[in-house]
Every structure is written in C-alpha cells, then in structure tokens.
Number of protein chains: 2
Amino acid sequence: MPLRKITSLRSVLQLRDRRLNTAVYPMPFTRVEVATLTVIEGSLHVLLALRAEDPHAGQWALPGGVLRIDRDASLEAAARRVMGERLGLEGLALRQLVATGGPSRDPRASWTLSVVYRSLVPAQSVSASPGKRIKDLRWYPVDDLKEPAPLAFDHARLVELAVEDVRAAVDQLELPFDFLPATFTLGELQLSCEQLLGHALDKSSFRRRLADRDLVEPVPGSMRGGAFRPAQVYRRKSAT
Amino acid sequence: MPLRKITSLRSVLQLRDRRLNTAVYPMPFTRVEVATLTVIEGSLHVLLALRAEDPHAGQWALPGGVLRIDRDASLEAAARRVMGERLGLEGLALRQLVATGGPSRDPRASWTLSVVYRSLVPAQSVSASPGKRIKDLRWYPVDDLKEPAPLAFDHARLVELAVEDVRAAVDQLELPFDFLPATFTLGELQLSCEQLLGHALDKSSFRRRLADRDLVEPVPGSMRGGAFRPAQVYRRKSAT
DNA sequence: TCAAAAGTGTTGCTTGTACACCCATGT
DNA sequence: ACATGGGTGTACAAGCAACACTTTTGA
C-alpha cells in the first residue's frame with residue numbers, strides 16, 4: 001500500500017521539521033507486545049509466534065506489532081488492534097504489565113521501546129493465522145518454556161510477569177469474566193480458577209469467599225445436570 | 001550545542017533510511033515523567049513544575065523530560081537522568097507506574113507517549129532549581145491538588161496513581177528505606193509510615209508486624225534519648 | 001445401593017486491631 | 001511525682017484453610 005507509506009513518511013518529516021528550530025530528538029522504535037494466556041488441557045498456556053525475520057529469526061516470541069500513531073488512539077488501542085490483526089480477537093480485557101526499553105534490543109532500530117499487555121482468552125476463540133513475519137503461532141505451556149528453545153528478546157521474563165499478574169488477580173477473586181462463559185456452575189468456576197492458579201482450592205472456602213464478595217448470582221430456575229446431581233447455574237453479578 | 005543537534009538529526013534520518021525499504025512508521029514523541037513524593041510538615045506532598053512554554057503554559061505539571069535515545073540506556077535510566085537534571089537527585093529508588101499515550105496530548109507532536117515513574121525522597125535532599133522551560137518548582141500537598149488550578153495533561157490522575165502505589169507499598173510494610181534515614185527508632189519509623197499513609201497506626205500491631213517480617217534489627221549498644229525514656233535505635237536488616 | 005458431584009457446617013489457625021498496662025527518664 | 005514516649009501483653013474479630021458431613025442424581 002504505497003499510499004500509507006507516503007503519509008507515514010510525511011509524518012516523520014513533519015515531526016522533524018516542526019521541532020527543528022528548538023531541538024531534534026530521535027524517538028525510539030515503539031512496539032506493543034501481548035502476552036495472551038489461556039487454559040488448555042487443564043494448564044496455563046501462552047500464545048507464541050515463531051519469528052520469520054531476523055531479530056531472533058527462528059525463535060519464539062510474544063506476538064506484537066509496531067505502534068501506528070496514524071491509526072491508534074492509545075497504547076491500549078494499539079494492543080487491541082494487534083490482537084485483532086494477529087489473533088482475530090476483538091474487545092477483550094487487556095491489562096498493561098510494563099513498559100521496557102533500551103538500545104540493542106532489536107537490530108532494526110538503535111533504541112526500542114515495548115509496552116507489554118496481557119490478556120486471558122478462551123483457547124477456542126483464537127483463529128490463529130500466522131501472518132506477515134510469522135511462520136507459526138502456537139500455544140506453549142507456561143510452566144516449561146525452556147523447551148521450545150529460549151524465547152526471543154526478554155520475553156521469557158514478560159511471560160512470567162503475565163502469569164504472576166493473572167494468578168494474583170485470581171487469588172484476589174478478580175474473576176476473568178472475559179475468559180469465562182456467560183453462565184457456569186460453581187464447580188466449573190472453581191475448576192477454571194484452579195487451572196489458572198495451577199493448584200487446587202477448597203470448595204467451601206471458595207464458595208464463602210464468592211458469597212462474601214457478591215460476585216455471582218444464581219440464574220433463577222436454571223440447573224445443569226451432568227451425570228449426577230444437577231447444579232445451580234450462576235452468572236456474573238453486575239456491579240452497581 | 002550544535003554538535004548534539006546534528007548527531008540527533010542524523011539518527012532520525014538513519015532510522016528512516018534503514019527502514020525505508022520495508023515500512024516507515026512515524027514514532028511517538030516519547031517522554032518520561034516522575035511523580036516525586038515526600039513528607040512535609042506531616043503530610044504527603046508532590047513536586048510540581050510550573051510550565052513556562054505552551055502546552056499548558058502557566059499550569060502545574062509533573063516534571064519530566066524527553067527520552068534521549070542517544071544517552072539513556074533504559075527507560076528507568078531516562079527517569080533517573082531527569083531526576084538528576086531537574087532535582088539534583090542521584091541513585092534513588094524508582095518504580096514504574098504506567099505508560100500512557102495518545103494523539104493530541106501535546107500540540108508539539110501528533111502523538112505523545114509518557115512513561116511515568118514515582119519516587120519517594122526526603123524533602124531536604126531536593127536542590128530544586130527551576131531550569132529550562134520551568135518557571136517554578138514547588139511541593140504541593142497531594143490531598144488538595146485542585147488548589148493550584150487543575151494540573152496539566154492527565155497529571156492529576158498520575159499523582160493519584162503514585163499516591164496509591166506508595167500507600168499500598170507502606171501498607172504491605174515495604175519500607176521506603178531510600179526515604180528513611182539509615183538508623184531510626186521504632187517511634188520515628190512508625191511516624192514516617194503514618195505520615196505516608198495519612199492515618200494513625202496501632203503501635204503494638206506495627207511492631208509485631210515488623211518483628212514477624214524480620215525487616216529491621218537493633219543497632220547493638222545504640223540508644224537515642226529525647227526528653228524522656230531513651231529508645232533503641234534500629235537499622236534496616238539486609239535481606240539474605 | 002453406590003459412585004460422583006453438589007452443597008453446608010464446624011474447627012482451628014493466622015493476621016491484624018484495640019486497648020490496657022508497665023518501664024525509663026528529665027523536669 | 002508525673003508527664004511523656006518507649007515497649008509489651010492480652011483479648012477479640014475477620015478471613016481463610018482443612019476437613020467432615022449431608023444431599024441429590026443416574027446408573
């Protein structure tokens with residue numbers, strides 16, 4: 001798309017020209033990266049992309065993209081756009097983890113800044129389509145990330161941060177309603193939390209904590225019967 | 001310094017040229033801002049700068065500066081440099097609060113990104129010297145920031161974040177040893193925490209919590225006598 | 001009637017608050 | 001002696017983990 005290239009280039013020159021009389025500072029190559037987590041077969045996984053091009057070509061890394069100041073209204077919007085382009089996901093909850101930057105992180109630019117977000121999605125909802133500069137896109141279990149060879153850049157640490165953040169949130173019973181189905185039984189909810197945390201929870205404590213916090217409410221007549229005693233179906237109780 | 005200008009300009013062109021064959025993206029105008037907190041006369045204050053130039057000229061804002069990719073080895077280093085230049089402070093603990101960005105935050109550029117840090121310093125240590133583009137530099141109490149007229153940009157929210165962050169840390173007994181003198185009595189320590197938090201603490205609870213966590217240790221023979229019963233002097237117990 | 005999951009109650013630990021009480025010192 | 005801050009002990013409440021227990025269903 002040559003048109004976009006031209007407008008982008010013009011913006012660079014504009015910025016340069018406008019500030020030329022006062023002071024000219026080169027700006028960092030700015031990206032957003034997204035650590036996307038999900039639960040597969042009972043354990044936490046993170047979505048990784050196999051890099052096709054040369055900063056760390058052939059290594060796995062968090063999917064991300066360049067900040068587009070001509071299109072993104074905010075950093076979060078940039079992350080959201082990247083999620084949409086790369087994963088076909090719209091309107092999910094994103095949380096900023098950290099911004100990190102320095103020289104020699106990426107040979108394409110002399111100084112790179114990355115703003116890192118995390119999100120939690122149902123695994124099925126991802127329409128993984130390896131696109132430009134990505135050879136492959138896969139879920140990896142967070143608990144042994146050494147296996148697919150070390151991650152590119154400092155992304156191993158970023159994945160750790162994302163996992164800690166999610167687990168801290170679930171520990172505080174900040175339930176990931178974007179990740180959960182609209183309705184669920186308490187057993188299903190507890191199982192989800194256990195899978196996110198990586199350890200078992202006590203049923204009684206879990207239910208009392210839920211009740212104390214007024215987080216969910218029963219859906220009146222609705223029950224869900226598996227093979228055995230049917231369970232009350234719950235839904236998120238909207239905060240007022 | 002015309003030499004610096006030339007090298008900076010060259011960097012811009014380098015970046016442009018090197019990426020010209022693949023894609024050219026204009027990058028955001030990138031700054032770091034620092035919310036510097038201290039205790040004055042028993043209550044939390046934040047250091048604000050009176051802006052001389054036009055984005056919000058005449059309004060108070062957090063001191064900050066442009067990221068200099070030719071000089072800063074990391075975002076935190078940039079914040080540290082700004083602290084040094086603006087406040088004459090070296091080597092203090094900084095914590096990243098958030099990165100925020102968008103168009104139309106600053107008329108000088110079409111898109112601005114700010115990475116925000118907070119620090120906690122002893123008020124006396126600041127050699128406040130209003131410098132370039134700053135008319136005045138003053139401490140304002142965080143509890144009524146409406147007084148000096150609304151803060152520039154979204155800095156009121158950033159100050160709130162900094163205050164919440166500091167208070168959360170003190171609540172967890174993450175003691176701000178950079179802020180405290182090297183040795184102190186438990187009474188002094190408790191008073192500092194109370195001033196940071198903005199409310200009183202129970203003496204007995206406070207001491208038991210300190211003891212449980214093994215955070216401080218008595219300096220063997222050392223006592224400090226005010227007008228009345230002398231108190232044991234403590235120091236930080238280095239984590240092992 | 002039994003397995004399996006739903007759902008409830010009871011105990012006790014841990015953490016922190018509230019508050020009372022002694023201790024040491026200068027005036 | 002007493003006022004003042006240093007320092008300690010006890011009682012109580014909240015939050016939560018551990019665990020035992022009852023209930024309801026399909027097979």
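Here the structure is a predicted model, which means the values were calculated and not measured.
- A donor and an acceptor atom sit less than 3.5 Å apart, one in the side chain of B/Ser204 and one in the base of D/dG9.
- Note on B/Glu90 versus B/Arg81: no salt bridge recorded, every NZ/NE/NH1/NH2 to OD/OE distance being 4.0 Å or above.
- Not a single donor-acceptor pair under 3.5 Å links the side chain of A/Ser119 to the backbone N or O of A/Ala93.
- Residue contacts shown for B/Arg224 are absent, as no nucleic acid heavy atom lies under 4.0 Å away.
- Set against D/dC16, C/dG9, C/dT25, the side chain of A/Ser205 has D/dC16 as its closest nucleotide.
- Counting to the nearest Å, the C1' atom of D/dG6 and the CE atom of B/Met223 are 9 Å from each other.
- D/dG5 atom C1' lies 15 Å from atom CZ of B/Phe206, rounded to whole Å.
- Between A/Glu188 and A/Arg224 there is a salt bridge, since at least one side-chain N of the basic residue sits less than 4.0 Å from a carboxylate O of the acidic one.
- Counting only heavy atoms from C-beta on, B/Arg208 has its side chain closest to C/dT17 among C/dC19, C/dT25, C/dT17.
- Atom-to-atom, CD of B/Gln232 to C1' of C/dA24 comes out at 14 Å; the value is rounded to the nearest Å.
- Residues B/Asp171 and B/Arg167 are not paired through a salt bridge, judged by the lack of any N-O separation under 4.0 Å between the basic side chain and the carboxylate.
- A straight line from CZ of B/Arg207 to C1' of C/dA20 spans 15 Å, rounded to a whole angstrom.
- The interatomic distance linking B/Asp202 (CG) with D/dA11 (P) rounds to 16 Å, in whole Å.
- Side chain of A/Pro230, nearest nucleotide from D/dT8, C/dG16, D/dT24: D/dT24.
- Separating the CD atom of B/Gln190 from the P atom of C/dG16 is a distance of 15 Å, rounded to the nearest angstrom.
- Distance, B/Leu201 CG to D/dG6 P: 14 Å, rounded to whole Å.
- In the set D/dC19, C/dA4, C/dG7, C/dG7 carries the atom at the smallest distance from any side-chain atom of A/Ala231.
- Of the residues near DNA chain D, B/Phe228 and B/Leu186, the one whose nearest nucleotide (by heavy atom distance) lies more toward the 5' end is B/Phe228.
- The nearest whole Å value for the distance from the CG atom in A/Asp171 to the P atom in D/dC16 is 10 Å.
- Salt bridge absent: B/Glu33 and B/Arg157 never bring a charged side-chain N and a carboxylate O closer than 4.0 Å.
- Among C/dG16, D/dG6, C/dG7, the nucleotide with an atom closest to any side-chain atom of B/Arg229 is D/dG6.
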